[in-house]
Amino acid sequence: KGSIDIKAREEFLSRLKEAYQQLINEDIHTQIQTLPVDEAEELCNRLAQNFNMKDFTSPSEENPSVRVVTVAGWNCPCGGTHVKSTGVLKE
C-alpha cells in the first residue's frame, strides 16, 4: 500500500483538485456501447490483459455481450453508472 508523507499531503491534495478541475473543464464525453465479447476483449485489453470478460457476462447468455465505457480514450468493461461527460460534474 502506498502512503503520502503527512508533510506532502496538502500539496498533493491541491494538485489532485487542480487536475480534477481540469478534467471537468475539458468536458470529456463518455461513450457507452454494448459489444460482442470478442470485440470488447480486443478493445479493453489492447494495452494489457487487465479484464476477464467472463466477469462481465452471464453464463446463461446465448450470445454474450459486454457493456464498454470509454472516457478520454480509455476503454473499460463496466456495468455501473456514468456521467455523460465530465462537464456535468461542475459545482
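We use all heavy atoms of the structure for the numbers below, so side chains are in, but hydrogens, waters and symmetry mates are not. Everything numeric in this text was worked out from a predicted model, so none of it was measured.
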_Please report the interatomic distance NE2(H82) to SG(C76), rounded to the nearest 0.5 Å._
7.0 Å
*Would D27 and S85 count as a side-chain hydrogen bond (donor to acceptor under 3.5 Å, both in side chains) if you check the C-alpha gap in whole Å, the side-chain angles of each, and the deciding distance to 0.1 Å?*
CA-CA 6 Å; D27 195 25; S85 75; 2.5 Å; yes
*asked:* Tell me the closest heavy-atom pair linking G80 and R67, and the distance in Å.
replied: O-NH1, 2.8 Å
*Measure the CH2-CD1 distance between W74 and I28 for me, rounded to the nearest 0.5 Å.*
12.5 Å
_Assigning hydrophobic clusters by single linkage (Ile, Leu, Val, Met, Phe, Trp, Tyr; side-chain heavy-atom cutoff under 4.5 Å), is L43 placed with F56?_
yes
*Can you tell me how far CG of L89 sits from CG of N25, rounded to the nearest 0.5 angstrom?*
11.0 Å
*Around atom CD of E42, are there more than 12 heavy atoms of other residues, nucleotides or ligands at under 6.0 Å?*
no
*Please check if atom CD1 in I6 has more than 12 non-hydrogen atoms from other residues, nucleotides or ligands closer than 6.0 Å.*
no
*asked:* Suppose we screen for salt bridge (Lys or Arg N to Asp or Glu O under 4.0 Å). Which residues come up paired with R15, at least two apart in sequence or across chains?
replied: E11
*Nearest heavy-atom neighbours spanning V66 and A40*: CB-CB, 3.7 Å
*Looking at L35 and Q33, what are the two nearest heavy atoms and their distance?*
CD2-OE1, 3.7 Å
*If you group Ile, Leu, Val, Met, Phe, Trp and Tyr by side-chain heavy-atom gaps below 4.5 Å, do V88 and Y20 land in one group?*
yes
*So if you build clusters from Ile, Leu, Val, Met, Phe, Trp, Tyr with side-chain heavy-atom gaps below 4.5 Å, do L23 and I32 land together?*
yes
_Side-chain (T30) to main-chain (V83) donor-acceptor, under 3.5 angstrom_ = yes
*Write down the atom of N75, the atom of V68, and the distance for their closest heavy-atom approach.*
CB-CG1, 4.2 Å
*Applying side chain to side chain contact (heavy atoms under 4.5 Å, CB included), name anything that partners S65, two or more places apart in sequence or on another chain.*
T34, E61
*Can you check whether I4's main-chain N or O pairs, donor with acceptor, with R9's side chain at less than 3.5 Å?*
yes
_So P64 and M53, do their side chains get closer than 4.5 Å, heavy atoms only?_
no
*asked:* If I take atom CD from residue E41 and atom CD from residue Q49, how far apart are they, to the nearest 0.5 angstrom?
replied: 5.5 Å
